[in-house]
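Have a look at the structure below before the remarks.
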Amino acid sequence: MTSRESASSEITPQVLLRAYACGIFPMAESADDPTLFWVEPELRGVIPLDGFRVASRLARSVRSDAFTVTVDTAFKAVIAGCAAPQPGRDDTWINKRIRDLYLGLHELGHCHSVEVWQNDELVGGLYGVSLGRAFFGESMFHRARDASKVALVHLVARLIAGGFALLDTQYVTEHLRSFGAVEIPRRRYTTLLDRAIKGSADFSKLPIDRPVSGARALDIIAGRA
């Protein structure tokens, strides 16, 4: 379900948080379209944190620490990377209003980025919104093989360590399905969301000021740390 009328020009980061608490999120038709509309899918994508799957080849890549992974150090660059054209995707829904709103949420401590670096170059990452024990994944990008996947692995480890209960992916793609993403009906999603936002979690339970190793991230996901 979508609604253009409700996403007025007066939308603020605080309004955005209330929208997430109600199970809706904004999108734009394209990066050049200045208008926003609210979306509330009939089927919602989620990744059960206790069912997150990491393929053996990806686990080797994560454990090798071929990439350096940081958090909340380059938020603007990550959202810019997510908005940029990618192979097979010439345009995105991330317009200037989206960038400004989520930067506002970032400044309020409710929006986070995971950055993936290789030789001091940003080669991938993701960003999303945290509210209570829920994390709402917004977008990811990569410029090197496995970079966005490594970002997701580190995000999930951080969410597990921090006591999160819900990882919302909005929609399910084949890419996300390989990690264990599933679609659930709106009513079921609302139940999970209501429980999650009433609790509290700590996105900074793992260090924010220094990188976390791939081995530690995998151990957390496997329940060994």
Side-chain angles (χ1 to χ4, degrees), residues 1-49 75-76 78-83 89 91-114 125-141 148 151-152 155-156 159 164-173 175-177 179 181-199 201 203:
M1 181 177 71
T2 63
S3 173
R4 293 178 179 276
E5 292 74 22
S6 58
S8 71
S9 60
E10 296 180 1
I11 185 172
T12 65
Q14 291 78 7
V15 169
L16 196 52
L17 282 180
R18 291 198 292 272
Y20 275 100
C22 294
I24 60 178
F25 55 89
M27 293 187 73
E29 287 289 353
S30 70
D32 297 325
D33 187 343
T35 62
L36 301 180
F37 57 91
W38 294 119
V39 182
E40 186 181 15
E42 290 288 343
L43 293 175
R44 195 70 166 237
V46 300
I47 297 180
L49 294 173
F75 183 84
K76 286 184 178 180
V78 167
I79 199 169
C82 291
R89 187 190 73 186
D91 199 6
T92 75
W93 49 269
I94 302 174
N95 63 9
K96 184 180 185 303
R97 288 185 67 196
I98 291 285
R99 293 195 199 197
D100 291 344
L101 282 168
Y102 287 86
L103 178 59
L105 282 184
H106 177 65
E107 292 171 348
L108 291 174
H110 282 286
C111 200
H112 302 281
S113 60
V114 177
L126 58 80
Y127 75 98
V129 176
S130 64
L131 183 62
R133 299 178 67 203
F135 190 90
F136 309 87
E138 284 296 314
S139 188
M140 60 175 61
F141 80 100
S148 62
L152 182 58
L155 171 68
V156 169
L159 298 182
F164 284 78
L166 175 64
L167 173 52
D168 173 0
T169 67
Q170 299 176 349
Y171 299 103
V172 172
T173 63
H175 171 67
L176 293 175
R177 202 180 299 277
F179 289 97
V182 296
E183 289 181 322
I184 59 176
R186 183 188 298 166
R187 180 175 296 182
R188 173 61 177 158
Y189 172 78
T190 300
T191 299
L192 295 176
L193 176 63
D194 288 346
R195 291 175 184 168
I197 63 175
K198 291 175 183 176
F203 193 79

Can you measure from [atom1] ([X]) to [atom2] ([Y]) and round to the nearest 0.5 angstrom?
{"X": "Cys22", "Y": "Trp38", "atom1": "SG", "atom2": "CH2", "value": "9.5 Å"}
{"X": "Leu105", "Y": "Glu138", "atom1": "CG", "atom2": "CD", "value": "9.0 Å"}
{"X": "Ile79", "Y": "Tyr127", "atom1": "CD1", "atom2": "OH", "value": "4.0 Å"}
{"X": "Ser30", "Y": "Asp32", "atom1": "OG", "atom2": "CG", "value": "5.0 Å"}
{"X": "Gln170", "Y": "Leu43", "atom1": "CD", "atom2": "CG", "value": "14.0 Å"}

Are Leu167 and Leu159 close enough, and set up right, to give a side chain to side chain contact (heavy atoms under 4.5 Å, CB included), and what steps lead you there?
CA-CA 8 Å; Leu167 173 52; Leu159 298 182; 3.9 Å; yes
Within the 4.5 Å heavy-atom criterion, are [X] and [Y] side-chain neighbours or not?
{"X": "Val182", "Y": "Pro48", "result": "yes"}
{"X": "Leu16", "Y": "Val129", "result": "no"}
{"X": "Met27", "Y": "Ile98", "result": "no"}
{"X": "Phe37", "Y": "Glu29", "result": "yes"}
{"X": "Leu103", "Y": "Lys76", "result": "yes"}
{"X": "Arg188", "Y": "Glu183", "result": "no"}

Taking all heavy atoms of [X] and all of [Y], pick out the closest pair and write down the distance.
{"X": "Thr35", "Y": "Asn95", "result": "O-ND2, 3.6 Å"}
{"X": "Gly125", "Y": "Ala151", "result": "CA-CB, 4.1 Å"}
{"X": "Leu176", "Y": "Tyr171", "result": "CD1-O, 3.7 Å"}
{"X": "Phe25", "Y": "Arg44", "result": "CD2-NH2, 3.5 Å"}
{"X": "Leu108", "Y": "Pro13", "result": "CD1-CB, 3.9 Å"}
{"X": "Leu126", "Y": "Leu155", "result": "CD1-CD2, 3.9 Å"}

Test item: Arg186 side-chain N/O and Glu40 main-chain N/O as donor-acceptor pair under 3.5 Å
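Side chain of Arg186 to backbone of Glu40, a donor-acceptor pair under 3.5 Å: yes, one is there.
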Could you tell me whether a side-chain N or O of Thr169 sits under 3.5 Å from a main-chain N or O of Val172, the two making a donor and an acceptor?
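Checked: no pair found.
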Taking the six-membered ring of Phe164, is NZ or CZ of Arg133 closer than 6.0 Å to its centre and within 45° of its axis?
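No, cation not above the ring by the 6.0 Å, 45° rule.
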Between His112 and Ser130, is there a side-chain donor-acceptor contact under 3.5 Å, judged purely by atom types and distance?
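Distance-only check passes for Ser130 and His112.
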Donor-acceptor side-chain pairing of Tyr189 and Asp168 below 3.5 angstrom:
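There is such a pair (donor and acceptor under 3.5 Å, judged by atom type) between the side chains of Tyr189 and Asp168.
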Of Ile47, Leu49, Leu131, Leu193, which is the lone residue that meets side chain to side chain contact (heavy atoms under 4.5 Å, CB included) with Leu166?
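Exactly one pass, corresponding to Leu193.
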Derivation of the side chain to side chain contact (heavy atoms under 4.5 Å, CB included) call for His110 and Gln14:
CA-CA 10 Å; His110 282 286; Gln14 291 78 7; over 6 Å; no
What about the rings of Tyr102 and Phe75, do their centers lie closer together than 6.0 Å?
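Between Tyr102 and Phe75, the centre distance exceeds or equals 6.0 Å.
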Given Phe141 and Val78, is the side chain to side chain contact (heavy atoms under 4.5 Å, CB included) satisfied, shown in steps?
CA-CA 8 Å; Phe141 80 100; Val78 167; 4.3 Å; yes
Kindly indicate, with the supporting measurements, whether the criterion side chain to side chain contact (heavy atoms under 4.5 Å, CB included) is fulfilled by Ile94 and Arg99.
CA-CA 7 Å; Ile94 302 174; Arg99 293 195 199 197; 3.9 Å; yes
One pair to check against salt bridge (Lys or Arg N to Asp or Glu O under 4.0 Å): Lys96 and Asp100. What are the steps and the verdict?
CA-CA 6 Å; Lys96 184 180 185 303; Asp100 291 344; 2.7 Å; yes
